[in-house]
Amino acid sequence: MDLEVSPALTIPSSELGWRFSRSPGPGGQHVNTSDSRVELSWNVAGSAALSDAQRLMLSARLGPRLIAGIISVSASEQRSQLRNREIALAKLSRLVAEGLAPEAAARRASKPTRSSKRRHRVAKEHRAATKQQRKRPSAE
């Protein structure tokens, strides 16, 4: 069951590591006897599915999440181990896809238009006039 992150990147199932444990989530007495919590790990540093550029990009962007070059996600939302496996695969896929996504173009600041400057000035004059009317009248 290979994990397809994008059409250009597929992580082979042999590189994915699975761990199962008892879940503290929903399930009543059932959770006391079954290992429904899933932890999925993938070695980014040693993966053959990544090019050197992709490896560097993931290491830079996912740096805080990596422990010794390994990224881990866990899922314990559902009662079923199978469903939690699917959730963990989706989480890892989304994380890797976000890490490999190209950066957005930098925003270029624009100047305010002449009409927006005029509207701003008129609004300021209106506010100033309102505040002037709140003043206590002079004694004269």
Side-chain angles (χ1 to χ4, degrees):
M1 183 165 79
D2 295 343
L3 176 61
E4 185 176 335
V5 177
S6 67
L9 177 64
T10 301
I11 302 171
S13 60
S14 60
E15 292 186 5
L16 300 175
W18 296 93
R19 281 185 43 201
F20 307 101
S21 59
R22 295 200 174 128
S23 173
Q29 294 175 352
H30 174 71
V31 296
N32 298 330
T33 59
S34 65
D35 295 337
S36 59
R37 181 177 182 269
V38 173
E39 187 175 327
L40 176 61
S41 58
W42 177 51
N43 189 350
V44 174
S47 176
L50 294 173
S51 66
D52 290 336
Q54 289 174 326
R55 189 173 290 110
L56 282 172
M57 188 181 294
L58 280 177
S59 297
R61 290 188 179 172
L62 302 178
R65 290 208 54 154
L66 294 176
I67 300 171
I70 298 174
I71 188 166
S72 297
V73 294
S74 62
S76 60
E77 291 87 3
Q78 301 293 322
R79 294 170 63 164
S80 163
Q81 186 188 98
L82 179 63
R83 184 69 185 117
N84 283 334
R85 278 179 176 227
E86 293 168 354
I87 293 170
L89 284 170
K91 282 183 180 181
L92 181 64
S93 176
R94 185 175 59 250
L95 209 64
V96 173
E98 288 173 2
L100 291 175
E103 291 192 25
R107 180 187 169 275
R108 285 192 331 217
S110 60
K111 293 183 179 180
T113 62
R114 187 180 300 159
S115 62
S116 69
K117 287 180 187 176
R118 185 187 54 75
R119 284 192 306 266
H120 181 67
R121 190 179 61 249
V122 168
K124 282 183 71 132
E125 290 169 359
H126 187 268
R127 279 193 304 274
T130 301
K131 291 184 176 196
Q132 284 295 325
Q133 291 173 356
R134 292 182 192 156
K135 277 186 171 180
R136 186 177 294 246
S138 62
E140 297 174 5

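Residue indices begin at 1 and follow the sequence shown.
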Enquirer: Hey, quick one: are Leu89 and Ile70 part of the same hydrophobic cluster, counting side-chain heavy atoms closer than 4.5 Å, chains of contacts allowed?
Expert: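 Leu89 does not cluster with Ile70.
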Enquirer: Within the 4.5 Å heavy-atom criterion, are Leu3 and Trp42 side-chain neighbours or not?
Expert: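 Leu3 vs Trp42: side chains apart.
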Enquirer: I need the Ser36 OG to Gln78 CD distance, nearest 0.5 Å.
Expert: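 Between atom OG of Ser36 and atom CD of Gln78 there are 10.0 Å.
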Enquirer: Can you list every pair that meets salt bridge (charged side-chain N to carboxylate O under 4.0 Å, His left out) and has a residue in residues 90-101, with sequence neighbours left out?
Expert: Glu77-Lys91
Enquirer: Answer whether the closest heavy-atom distance between the side chains of Asp52 and Arg55 falls below 4.5 Å.
Expert: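 Asp52 reaches Arg55 side chain to side chain.
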Enquirer: Walk me through whether Gln81 and Val38 qualify under side-chain contact (heavy atoms from CB on, under 4.5 Å).
Expert: CA-CA 7 Å; Gln81 186 188 98; Val38 173; 4.0 Å; yes
Enquirer: Side chains of Leu16 and Leu92, heavy atoms from C-beta outward: is any pair under 4.5 Å?
Expert: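 Side-chain contact under 4.5 Å: yes.
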Enquirer: Quick check against the 3.5 Å criterion: does Glu15 have a side-chain atom that pairs as donor or acceptor with the backbone of Pro12?
Expert: no
Enquirer: Enumerate the salt bridge (charged side-chain N to carboxylate O under 4.0 Å, His left out) contacts for residues 101-113, please, sequence neighbours excluded, ordered by first and then second residue.
Expert: Arg61-Glu103
Enquirer: Tell me, do His120 and Lys117 make a side-chain contact under 4.5 Å, heavy atoms counted?
Expert: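 No, their side chains stay 4.5 Å or more apart.
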Enquirer: How far apart are the closest heavy atoms of Ile87 and Ala75, and which atoms are they?
Expert: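 Closest approach of Ile87 to Ala75, heavy atoms only: CG2-CB, 3.8 Å.
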Enquirer: Work out which heavy atom in Ala45 is nearest to a heavy atom in Asn43; give both atom names and the distance.
Expert: N-OD1, 3.1 Å
Enquirer: At what distance, to the nearest 0.5 angstrom, does CG of Leu100 lie from CG of Leu95?
Expert: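 Going from CG on Leu100 over to CG on Leu95, the span is 10.0 Å.
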Enquirer: Can you measure from CG (Leu40) to CG (Asn84) and round to the nearest 0.5 angstrom?
Expert: 12.0 Å
Enquirer: With rounding to the nearest 0.5 angstrom, report the CE to CG distance, Met57 to Leu62.
Expert: 11.0 Å
Enquirer: Measuring from atom OG of Ser74 to atom CZ of Arg37, what distance do you get when rounded to the nearest 0.5 angstrom?
Expert: 4.5 Å
Enquirer: Honestly curious: do Leu9 and Val73 fall in one hydrophobic cluster under the side-chain, below-4.5 Å linking rule?
Expert: yes
Enquirer: Hey, any chance Trp18 and Ile71 share a hydrophobic cluster, counting ILVMFWY side chains that come within less than 4.5 Å of each other, even indirectly?
Expert: yes
Enquirer: I need the single residue from Gln132, Arg136, Lys131 that forms a side-chain contact (heavy atoms from CB on, under 4.5 Å) with Arg134. Which is it?
Expert: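 Going through Gln132, Arg136, Lys131 one by one, the side-chain contact (heavy atoms from CB on, under 4.5 Å) with Arg134 is satisfied by Lys131 alone.
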Enquirer: If you measure from OG on Ser76 to CZ on Arg22, what distance do you get to the nearest 0.5 Å?
Expert: 14.5 Å
Enquirer: Is any side-chain heavy atom of Val122 less than 4.5 Å from a side-chain heavy atom of His126?
Expert: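 A side-chain contact is absent here, since even the closest heavy-atom pair is not under 4.5 Å.
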